[in-house]
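Beneath this line is the structure, given in structure tokens, with notes to follow.
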Amino acid sequence: MYRMDYHHHSCHSFDSTANMEDICVHAIQNDIEEICFTEHFSVNQLAPTYGHMDFAKYTEDIQYCREKYGHSLSIKMGLELCEPHRMRETYKQTLEPLDLDFILGSVHNVNNQKLRLLLKENGINAYKLYFEELYRLVATADIDVMAHFDLMKRYAFKEYGLYSFEEFEELIRETLKKAIDRNIGIEINTSGLRSSLNQTLPFRSILELYKELGGEILTIGSDSHKAETVGSHLEEAYALAKDCGFHTIYRFEKRKPIPVEI
Ligand SMILES: [Zn+2]
Ligand SMILES: [Zn+2]
């Protein structure tokens, strides 16, 4: 089995201090064959991540690691964009000169409010506001894969518990259909398995619905921000994908999806 981690952060992200080389070394030790760095990036001055990224340095680091570790680890250069459906023209112009392999799209903020704050002000209704924003993202953003589909639960779980899938099924279905129409994939994000949430983002019902609707493009990522957790819980994620009926997951080259048998 070709082991890949398609969601990883290093110090090129505002919320990580991890050294890219360390991450590559750990990945090789953990028998990972391909890693895609997906550093946070936003063109919105109000986003917490704004201003952290230096694309020249990021590219340089990727090239250095490819030269040093490329013989045992395939290293891809990606980004995780905040609200890429907003300020689309600025995103387009900024990213055009880059040689990116992969773009994750995320809702980290709604109306320039961090999800944590959104939750504080709106209580359980924050789930609805989050899913509505995610639909707007998938409807227009230029991305390859939607990150952590039901991210709101990361923040809401402790106080309000899990959302009810049935309550949001219609909206989730429309979002997945739109993704399939626009050739956008989803990911199995294992970060929830490293917390008290104890489940992947999204959970099984959404993966099953995506498959049922004809969804094919699926990536697997740890969303790790430290070298020690690179590839964490990959086995569970691969098993879950198979269990939901997927026979392939995807890797990307220059933003082209390539299926890999699992
Ligand atoms: Zn992060
Ligand atoms: Zn994220």
Side-chain angles (χ1 to χ4, degrees), residues 5-20 22-23 26 35-44 46-54 58 61 76-87 91 95 100 102-119 126-127 129-131 133-138 141-157 175 179 184-195 197 199-203 206 218-233 237 252:
D5 188 342
Y6 254 70
H7 190 153
H8 208 290
H9 299 272
S10 77
C11 61
H12 295 284
S13 294
F14 77 111
D15 56 355
S16 167
T17 54
N19 174 282
M20 191 183 282
D22 276 355
I23 297 166
H26 274 83
I35 186 167
C36 183
F37 288 94
T38 50
E39 310 293 354
H40 290 297
F41 180 69
S42 178
V43 294
N44 180 356
L46 298 174
T49 177
Y50 182 82
H52 183 87
M53 171 58 74
D54 178 336
Y58 181 32
D61 248 15
K76 296 285 187 266
M77 182 169 157
L79 287 177
E80 177 182 5
L81 307 181
C82 293
E83 298 83 57
H85 54 305
R86 308 210 171 257
M87 306 177 74
Y91 267 120
L95 302 183
L100 294 170
F102 182 59
I103 299 182
L104 281 174
S106 299
V107 170
H108 288 137
N109 311 279
V110 176
N111 298 325
N112 292 318
Q113 251 185 347
K114 286 200 269 185
L115 296 187
R116 230 180 265 281
L117 201 62
L118 189 76
L119 181 71
Y127 272 128
L129 298 172
Y130 169 81
F131 279 127
E133 188 71 10
L134 187 66
Y135 179 81
R136 289 192 277 270
L137 180 150
V138 76
D142 177 18
I143 57 165
D144 301 313
V145 163
M146 275 187 279
H148 38 54
F149 191 97
D150 52 4
L151 178 66
M152 194 66 221
K153 72 185 178 189
R154 186 185 282 172
Y155 307 100
F157 172 70
T175 305
I184 291 172
I186 65 172
E187 69 166 0
I188 300 181
N189 182 306
T190 67
S191 64
L193 295 172
R194 299 194 297 278
S195 79
L197 184 61
Q199 59 171 245
T200 56
L201 298 84
F203 58 27
I206 293 177
L218 179 70
T219 58
I220 290 177
S222 66
D223 202 352
S224 158
H225 291 62
K226 292 181 205 154
E228 294 72 31
T229 41
V230 59
S232 85
H233 301 278
F252 282 76

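Note that ligands are numbered from 1 as they come in the structure, with each ligand's atoms numbered from 1 the same way.
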Query - Side chain to side chain, Pro84 and Phe41, heavy atoms closer than 4.5 Å - result: no
Query raised in the report: Hey, is the main chain of His108 close enough, under 3.5 Å, to the side chain of Glu83 for a donor-acceptor pair?
Result: yes
Query raised in the report: Under the criterion side-chain hydrogen bond (donor to acceptor under 3.5 Å, both in side chains), which of Thr190, Thr38, Asn189, Thr229 is the partner of Asp223?
Result: Asn189
Query - Residue that, paired with Ser13, satisfies side-chain hydrogen bond (donor to acceptor under 3.5 Å, both in side chains) out of His225, His8, His40, Glu39 - result: Glu39
**Report entry** Heteroatom N/O/S of Glu80 within less than 2.8 Å of the Zn ion (ligand 1)
**Finding:** no
Requested in this report: Measure from the Zn ion (ligand 1) to each N, O or S atom of His40 and report whether any distance is below 2.8 Å.
Outcome: yes
Query raised in the report: Just wondering, is there an N, O or S atom on His7 that's nearer than 2.8 Å to the Zn ion (ligand 2)?
Result: no
Report task. Please find the N/O/S atom of Asp15 nearest to the Zn ion (ligand 1) and write down its name. Result -> OD2
